[in-house]
Each structure stands twice: as structure tokens, then as C-alpha cells.
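So the structure is just underneath, and the comments pick up after that.
Letters A, B, ... mirror the listed sequences (proteins, then strands); counts begin at 1. Every value quoted in this text rests on a predicted model; they were computed, and no experiment measured them.
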2 protein chains.
Amino acid sequence: MRVSRILGSMDEDFLRLDNQICFSLHAATRAFNGVYRGALKELGLTYPQYLVMLVLWEHGELPVKGIGERLRLDSGTLSPLLKRLEAAGYVERRRSPEDERSVTVRLTGDGTALREKALGVPRRIAAATGLDLAELGELRERLHALAARLDGVDPDDVTAACG
Amino acid sequence: MRVSRILGSMDEDFLRLDNQICFSLHAATRAFNGVYRGALKELGLTYPQYLVMLVLWEHGELPVKGIGERLRLDSGTLSPLLKRLEAAGYVERRRSPEDERSVTVRLTGDGTALREKALGVPRRIAAATGLDLAELGELRERLHALAARLDGVDPDDVTAACG
DNA sequence: CACGATTAAGTTGTGCACAACTTAATCGTG
DNA sequence: CACGATTAAGTTGTGCACAACTTAATCGTG
């Protein structure tokens, strides 16, 4: 079978490999999510909420749009998420006085204080991966490049055949 | 700042890097999902539905549990997904006669025929990544190893401090 | 300046992921 | 064999991701 490989079987080979990389990615993301779930339970945050808090810890206050640009999320995802963070007492949302369309998200005292409790999280996660800093950095770089390339793809081009 | 790095700032460094790898993973998965969405639109499948179909195209018929083991999904995710595939006419679900607890999922004629239309999908996705087979294979291997390691982590261990 | 175009948030609806639970069947040990 | 334990699906409820849409404010060009 391997010897008499013909052109027509290429698609089946591609399918197998490609399937596995996408599946691996899917599985790795869910596995990471599971580990984060454990680490973030005591903070009362989900993983996406944690990402938003990271952005706010770094930038202090940001409009919803700014958070969305940094995390590649739209208002359909962020609006309810931010309301939950507000209900939890970690952020405040206020309409911007300069531009009434914009809503500024700001850390509360509790939200700022939460950073201390979150400080230990990444080290635990990194330890759980069993990879050292260099390996993590390399993998991150690859994934970043991959995502950037995929984000630049016109969806309609994927439906067309590729030479 | 880089020169006078002290132990206490390690967590902040870790946080930055680790944040980025998890975020990269998150972003890459969503980017992949977006590309698949385009490619699978004409088949009328979502990406998780496509994964289930791949498993069935390979194994013919399987109990729900068997599908769940291969894709690491539980019945809470699979039951409604399989009902949607059944409503679309691609699979049949039947209680197993040997074990009335088990439900066997089987491809219909339409479901089997759909494979032909799906055959070109992976090549398009692979092309969109801009990586060659060797690079895709290596990345897949890394992600697979990472997921396996993370799946083996006891959630309660992550909440505890790591030496 | 007026008015169509654009922009920022938010809403609605669908589907996935998962925790916690229920139901029904089967297993296994005394 | 009987009965508690286990197993397989399914249900319920929460949260995220995203498409398609609405609402309200601002922009920009004639």
C-alpha cells in the first residue's frame, strides 16, 4: 500500500495528518482549559475572564474595543463576560464622557487586589506542561505565527480549490 | 531592570510568557475554527461535527462512548451534537441489542456519501496554514505530547504550590 | 450644517464544552 | 440470586464564541 501510492490517495493522507494537527490543537486547548480551571477556581475566574483581567492588570483601564483588539474577541463575547466580571465586583463599566459610544472598563479595588492571588498561577501551569521556558517560548512563537497566518486568510478563499 | 532582576519578579516574567503561550493556543484554535468554518460551510457541518464524521468514516459504526474516547468528549457534549447529525440525516442512533445501555451510531447513505465532498477540505486547510507536511507533523507531535501531559495532571495538584 | 456612512456596544440565537445530576441497564461479590 | 456498585446515555444549567442584527453616537463630505 505504501509502495503503490498514487496521486488519488494524497487527499486521504493529507486528511489523516491534517486531521491530527487540528485535533491535537483542539485537544491541547481543552487540556489547557482543564488545567486552568483547576488553578483559577480559587480566584473565581474562568479562563477567558482571566485573560481579560491580565489585559486590565497591564493597562489599567481600557474601552471594550481595546480589550477586544488585544484578545481578538468581539462585543458579543465581551459584553456578557464583562457584566459577569462587574457583578463579581472586579471591574466597573462607564460610558466614556468624550465619546458616548464607548464604554470604559476599569479595575475596582478588589480587581486590582486579585492580581496578587493570580501571580502564582502561571508558574503552576508552566510546571504542569513539563516544558522549560525555551520550549514554551518556541511553541508560543509557532502558534502565534500560525494564528496570524490563519487570521489573514479570506474565508471565501478556503472554499475554493487550491492548486 | 533586566540587570537587577530579582527572584520576586520571576512570577511576573512567567506570567508574561505563560500568558502568551496559552493565549497563542487559544488564538490559534479560534483561527483554525474560523478557517474550518469557511471550508465546512458547504458541507453543513461545524468543526466538532466534522471530527465526529471523520471518526465514523474511519470506523463505520461506534457506540457513543467509543466516539467520546477518541475525541475526548463526554455524553453531555456528544448527545446533542449527535442528535443534530441525526436530524441532518448523516447518522442513525440505535440502542445496542446486546447492551441496552449503549447507543450505536451508524452512518447513513448520505453520511457515507458526504465523505467524497469532505475529501478536499484538509488540503485546503493545510494550504491556508502555509506550513509543509513536515512542519505540520512536528507541530502536531508537540501539541499531542503537551495535551497528553496536561490530561494526566491531577486538577487538585495545580491549586497546590509547586516547589 | 445636514445627512448618509461608519463606529461602539449590546442583544438574540445557535452550537460547543463541561460540571453535576438522573435514569436505566449491567456487573460482581457475598 | 440479590443487591449495592458501576456503567452508558441523556438532561440541565452555565459560560464562551460567533453570526446577524439593533441602537445610539460620531464622522465626514457635499
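Of all nucleotides listed (D:dG15, C:dA25, C:dT11), C:dA25 comes nearest to the side chain of B:Glu100. Looking at the side chain of A:Arg37, the nearest of the listed nucleotides C:dA19, C:dG10, D:dG10 is C:dA19. Proximity note for A:Asp74 (side chain, C-beta onward) versus C:dG15, D:dA19, D:dA9: the nearest is D:dA19. Of the candidates C:dC27, C:dT7, C:dA17, C:dC27 carries the atom nearest the B:Arg101 side chain, counting heavy atoms from C-beta on. When distances are taken from the side chain of A:Lys65 to each of C:dA8, C:dG15, D:dG10, the shortest belongs to C:dA8. Considering only side-chain atoms of B:Ser79, the nucleotide from D:dA17, D:dA25, D:dT11 that sits closest is D:dT11.
Each of B:Thr77 and B:His26 lies near DNA chain D, and the nucleotide nearest B:Thr77 is the one positioned closer to the 5' end. Comparing B:Gly76 and A:Leu73 by the nucleotide of DNA chain D whose heavy atom lies nearest to each, the residue mapping closer to the 5' end is B:Gly76. Take the nearest nucleotide of DNA chain C for B:Leu81 and for A:Arg93: the residue whose nucleotide is more 5' is A:Arg93.
Considering only heavy atoms from C-beta on, B:Val105 stays 4.5 Å or farther from B:Leu78 through its side chain. Using a 4.5 Å cut-off on side-chain heavy atoms (C-beta onward), A:Tyr47 and B:His26 make contact.
In this structure, A:Leu78 atom CG and C:dT11 atom P are separated by 13 Å, rounded to whole Å. In this structure, A:Leu71 places its CG atom 13 Å from C1' of D:dA17, rounding to the nearest Å. Counting to the nearest Å, the C1' atom of D:dA17 and the CZ atom of B:Phe32 are 18 Å from each other. A:Leu82 has its CG atom 12 Å from the P atom of D:dA17, to the nearest Å. In this structure, CZ of A:Arg94 is placed 14 Å from P of C:dA9, rounded to the nearest angstrom. When the C1' atom of D:dA17 is taken as reference, atom CG of A:Asn33 falls 12 Å away, rounded to whole Å. Atom pair A:Glu69:CD and C:dT7:P shows a separation of 12 Å (rounding to whole Å applied). Remark: C1' of D:dA17 and CG of A:Asp151 are 14 Å apart, rounded to the nearest angstrom.
B:Ser102 and B:Ser96 form no side-chain donor-acceptor contact under 3.5 Å, judged by distance and modelled atom types alone.
Residue-level contact check: A:Asp99 touches the backbone only, with heavy atoms under 4.0 Å from sugar-phosphate atoms and none from bases. Residue B:Ser102 is classed as a sugar-phosphate contact, given heavy-atom separations below 4.0 Å to backbone atoms only. Nucleic acid contact class of B:Pro80 (heavy atoms, under 4.0 Å, all strands): none. Nucleic acid contact class of A:Thr46 (heavy atoms, under 4.0 Å, all strands): sugar-phosphate only. Residue contacts shown for B:Glu98 are limited to sugar-phosphate atoms, with no base heavy atom under 4.0 Å away.
Consecutive pairing runs in DNA chain C reach the stem threshold at C:1-30 with D:1-30, where a stem means at least three Watson-Crick or G-U wobble pairs with distances under 3.5 Å.
Distances shorter than 4.0 Å separate some side-chain N or O of A:Arg30 from OP1 or OP2 on C:dC18. Dashed line: the shortest gap from a side-chain N or O of A:Lys83 to OP1 or OP2 of C:dT11 is under 4.0 Å.
Pairing each heavy atom of A:Leu73 with each of A:Thr77, the nearest pair is CD2-CG2, 4.2 Å. Of all heavy-atom pairs spanning B:Gln49 and B:Gly44, the tightest one is OE1-O, 3.9 Å.
More than 12 heavy atoms of other residues, nucleotides or ligands sit less than 6.0 Å from atom CZ of A:Arg30.
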- Task: List the steps, then state whether side chain to side chain contact (heavy atoms under 4.5 Å, CB included) holds for B:Glu92 with B:Glu61.
- Result: CA-CA 10 Å; B:Glu92 282 171 6; B:Glu61 74 175 41; over 6 Å; no
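One finds no salt bridge joining B:Arg149 and A:Glu135 here, because no Lys/Arg side-chain nitrogen approaches an Asp/Glu carboxylate oxygen to under 4.0 Å. Looking at B:Arg142 and A:Glu138, a side-chain N of the basic residue comes within less than 4.0 Å of a carboxylate O on the acidic one, giving a salt bridge.
A:Ser75 contributes a side-chain N or O that forms a donor-acceptor pair with the base of C:dG10 under 3.5 Å.
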